[in-house]
2 protein chains.
Amino acid sequence: MAYTIKDVAKRAGVGIATVSRVLNESPNVLPETRARVLAVIDELGYRPNHAARQLVTAKTNAIAIILPFLTRPFFIEVLRGIESVVANSDYQLIIFNVDSPEQRTRYFNTLPFLGRTDGLLIVSLPLAPPEIKRLQAANLPAVMIDTQASNLPSVVVDNVGGAFKAVEHLISQGHQRIGFISGQLEPDLGFTVNRDRQRGYEAALTAHHLPVQAEYLRAGFDRRDWGHQAALELLDLAEPPSAIFAANDDLAFGVIDALRERGLKAGEDLAVVGYDDLEMAQLIGLTTIHQPMEQMGRKGAEVLLAALNEGTRRPTLHTLAVSLIERASSAKPSKA
Amino acid sequence: MAYTIKDVAKRAGVGIATVSRVLNESPNVLPETRARVLAVIDELGYRPNHAARQLVTAKTNAIAIILPFLTRPFFIEVLRGIESVVANSDYQLIIFNVDSPEQRTRYFNTLPFLGRTDGLLIVSLPLAPPEIKRLQAANLPAVMIDTQASNLPSVVVDNVGGAFKAVEHLISQGHQRIGFISGQLEPDLGFTVNRDRQRGYEAALTAHHLPVQAEYLRAGFDRRDWGHQAALELLDLAEPPSAIFAANDDLAFGVIDALRERGLKAGEDLAVVGYDDLEMAQLIGLTTIHQPMEQMGRKGAEVLLAALNEGTRRPTLHTLAVSLIERASSAKPSKA
DNA sequence: ATGAGCCATGGAAACGTTTTCAGAGCATCT
DNA sequence: AGATGCTCTGAAAACGTTTCCATGGCTCAT
């Protein structure tokens with residue numbers, strides 16, 4: 001068995017309370033005593049038992065992050081941002097991946113993190129009011145990233161504004177017929193990205209006195225093959241669009257795939273703009289909206305740590321800016 | 001404050017031991033008693049305190065995963081595999097990201113997971129014998145993924161064999177002059193992938209009676225821009241190779257980039273083969289070696305869980321197979 | 001010289017569980 | 001009828017900390 005505080009105390013010839021004081025850097029310990037205790041700790045390789053400490057302090061020194069689709073680049077980047085901040089604190093990071101609505105409700109019903117974590121980072125998953133209530137009842141500080149809850153601190157990006165920028169860019173290039181391809185507008189897990197970006201798309205058209213045409217709107221799935229299929233559908237219209245705005249880069253890749261299949265080229269025969277600015281976008285030369293994904297993670301983690309350490313707990317809303325990255329896929333069209 | 005087991009006991013008119021028995025599904029409890037206790041638990045919304053439970057059982061119900069470069073696709077896929085297995089157990093997953101040698105040594109010296117986790121999954125990071133000793137001294141079951149330690153269970157892929165396959169494929173396409181681009185052969189964190197794949201490259205050449213030419217070997221960094229630069233260097237040789245094997249897909253993307261810059265096309269002017277089979281590889285049409293990344297994670301997690309639940313602790317070695325995925329980038333060359 | 005106040009220290013309670021142990025009740029066997 | 005054994009139960013010990021409280025020694029002002 002591992003050594004306990006008693007072993008240290010005995011060996012150092014002091015009481016366990018003194019050892020505890022040394023451990024917790026309490027002042028009132030004679031330097032000489034402290035040195036002796038530290039020497040023994042070092043000699044025995046003693047390490048305080050976490051569980052015992054947790055039991056009495058009621059602190060876990062861990063925070064949980066709940067995110068969907070661990071595998072998608074967006075979430076990875078966010079995770080990376082979070083990790084970079086948390087690694088420099090003395091908190092540990094527990095991961096919960098949620099891929100299905102069932103898992104989601106299971107998590108928020110059983111709250112398996114309760115008592116195992118001091119705080120929560122919730123990425124992209126919108127919470128229902130009763131769920132928020134339950135968190136607050138449990139006195140568990142939470143920060144939302146990429147979703148918003150009115151009574152919780154939230155870190156978001158302006159999806160409507162970003163989409164607006166994307167479409168406005170296309171319009172400024174002379175495009176009048178602009179298609180929009182997105183994933184589900186009302187997905188199982190309640191994401192609002194697609195809806196928000198569609199709103200931005202429509203707002204930009206309207207602001208420039210262009211009509212919003214139903215046949216140019218293609219909401220399907222958040223998968224590349226849907227981007228592919230939807231692009232083909234748009235190309236086959238009697239009057240096909242001269243530009244396509246895809247609600248995320250992955251869909252845009254599908255679009256580019258479809259173009260290639262038809263012997264067409266993005267940026268020459270049809271302008272394409274994506275959203276996310278994944279690493280791949282640069283390689284492919286895709287014009288897109290850059291989201292500060294890692295920064296979102298960092299900011300969220302910082303807000304949570306501040307709440308934990310200083311007790312700051314105001315539900316502030318942090319909105320991060322997005323920017324347009326111009327690349328070859330939206331060069332000026334040959335035929336306006 | 002939250003309710004404790006005492007509150008439940010009092011309210012149900014039983015002793016705390018009985019509540020504990022109900023909680024732990026011990027047999028010897030009268031069905032009627034059990035029902036009464038469960039009713040009270042439900043009524044109060046009682047949840048057992050983790051720390052207290054841990055303290056007495058000396059079990060944390062958490063496992064830690066230690067991996068480098070959380071951001072690279074390879075590790076993400078492995079992580080996803082791990083997560084998918086762990087999510088179905090009642091363990092939780094704590095993440096430690098290690099990006100620098102300093103962090104690495106810090107982690108393995110302080111062992112911050114000690115007492116917070118029941119087991120360890122170590123991805124790609126080779127351990128020095130004293131480090132392994134320390135883990136075993138702490139009685140902490142560990143499984144290595146994508147590295148190997150003689151006295152710990154390990155899940156690996158055959159990097160030498162995979163590289164062999166890749167190069168043999170190029171040779172079978174008629175190539176005689178084959179370049180090899182890789183990251184550092186002796187990187188800071190001690191990965192051996194690059195070295196292993198180089199060995200496979202050399203073995204394949206030798207097996208087919210082709211010379212290993214030093215000027216065709218380019219070891220640099222695990223970054224796309226190195227692939228780019230090294231490819232240019234190879235192209236500028238007096239007698240440039242007709243094919244390039246890149247030690248990972250990312251490097252291969254850099255190669256393709258360089259070709260494009262010179263107005264050349266992979267698969268037509270020069271054959272390119274990568275390694276990893278990232279999602280992007282498919283999009284780009286890169287011939288590559290498919291690694292079962294997610295499966296590695298799953299397997300590793302399964303082995304660890306088995307060790308935890310059943311006490312199986314033999315240091316078995318699990319070698320997973322890799323396969324060649326032929327795509328356009330290694331079509332038959334026009335001029336052999 | 002004496003009391004007030006401070007500092008360093010140790011003993012013991014408390015945290016909320018699990019688990020050991022002993023006992024009560026009851027049926028079964030001799 | 002008494003011994004035996006089984007099932008269910010509760011009291012109490014144990015886990016390893018932190019923290020409260022008491023105490024003894026010391027300094028310093030009176």
Euclidean distance, atom CZ of residue B/Arg47 to atom P of C/dC15 [Å, nearest integer]:
21 Å
B/Arg314 and B/Pro153: which non-hydrogen atoms are nearest, and at how many Å?
O-CG, 3.7 Å
Does B/Glu77 come within less than 4.0 Å of B/Arg80, counting only side-chain N to carboxylate O?
yes
Between B/Val143, B/Ile66, B/Val78, B/Leu79, which is the residue that forms a side chain to side chain contact (heavy atoms under 4.5 Å, CB included) with B/Leu121?
B/Val143
Does a sphere of radius 6.0 Å around NZ in A/Lys10 hold more than 12 heavy atoms from other residues, nucleotides or ligands, not counting ones at 6.0 Å or beyond?
no
Are any side-chain N or O atoms of B/Ser20 and backbone N or O atoms of B/Ile16, one a donor and one an acceptor, separated by less than 3.5 Å?
no
For the helix from C/dA1-D/dT30 to C/dT30-D/dA1, measure the angle between the helix axis at one end and the axis at the other, each built from five pairs, rounding to 10°.
50°
Does A/Asn24 place a side-chain N or O at less than 4.0 Å from the phosphate oxygens OP1/OP2 of D/dT18?
yes
Could you give the CZ-to-P distance, from A/Arg36 to C/dA8, as a whole number of Å?
14 Å
Looking at A/Glu131 and A/Arg104, does any basic side-chain N land under 4.0 Å from a carboxylate oxygen?
yes
Numerically ordered, the residues 52-61 of chain B set in heavy-atom contact under 4.0 Å with DNA chain D is B/Leu55, B/Val56
What is the separation between atom NZ on A/Lys6 and atom C1' on C/dG10, rounded to the nearest whole Å?
14 Å
If I take atom CG in residue A/Leu23 and atom P in nucleotide D/dG16, what distance separates them, rounded to the nearest angstrom?
15 Å
Suppose we screen for ring pair (Phe, Tyr, Trp, His ring centres under 6.0 Å). Which residues come up paired with B/Phe74, at least two apart in sequence or across chains?
none
Describe the nucleic acid contact of A/Thr4 in one word from base, sugar-phosphate, nothing, applying a heavy-atom distance below 4.0 Å.
sugar-phosphate
Scan the side chains in residues 299-308 of chain A for donor-acceptor partners under 3.5 Å anywhere in the protein, sequence neighbours excluded, and list what turns up.
none

Does a nitrogen or oxygen in the side chain of A/Tyr3 sit under 4.0 Å from OP1 or OP2 of D/dT17?
no
What is the distance from CD of A/Glu32 to P of C/dA8, rounded to the nearest Å?
12 Å
Strictly under 3.5 Å: I want the nitrogen or oxygen pairs between protein and nucleotides 6-12 of chain D, one per line.
| residue | atom | partner | partner atom | Å |
| --- | --- | --- | --- | --- |
| D/dC8 | OP2 | B/Asn28 | OD1 | 3.4 |
| D/dT9 | OP1 | B/Thr33 | OG1 | 2.4 |
| D/dT9 | OP2 | B/Leu30 | N | 3.0 |
| D/dG10 | OP2 | B/Gly15 | N | 2.8 |
| D/dG10 | OP2 | B/Thr18 | OG1 | 2.6 |
| D/dG10 | N7 | B/Arg21 | NH2 | 2.8 |
| D/dG10 | O6 | B/Arg21 | NH1 | 3.4 |

If I take atom NE2 in residue A/His50 and atom P in nucleotide C/dG16, what distance separates them, rounded to the nearest angstrom?
20 Å
Side-chain N or O of B/Ser20 less than 4.0 angstrom from OP1 or OP2 on C/dT18?
yes
Smallest separation among heavy atoms of A/Met144 and A/Leu152, with atom names:
SD-CD1, 3.9 Å
side-chain hydrogen bond (donor to acceptor under 3.5 Å, both in side chains) between B/Arg134 and B/Asn109: does it pass, once the steps are laid out?
CA-CA 9 Å; B/Arg134 220 170 314 147; B/Asn109 282 333; 3.2 Å; yes
Which residues share a side chain to side chain donor-acceptor pair (under 3.5 Å) with A/Ser124, sequence neighbours left out:
A/Asp146
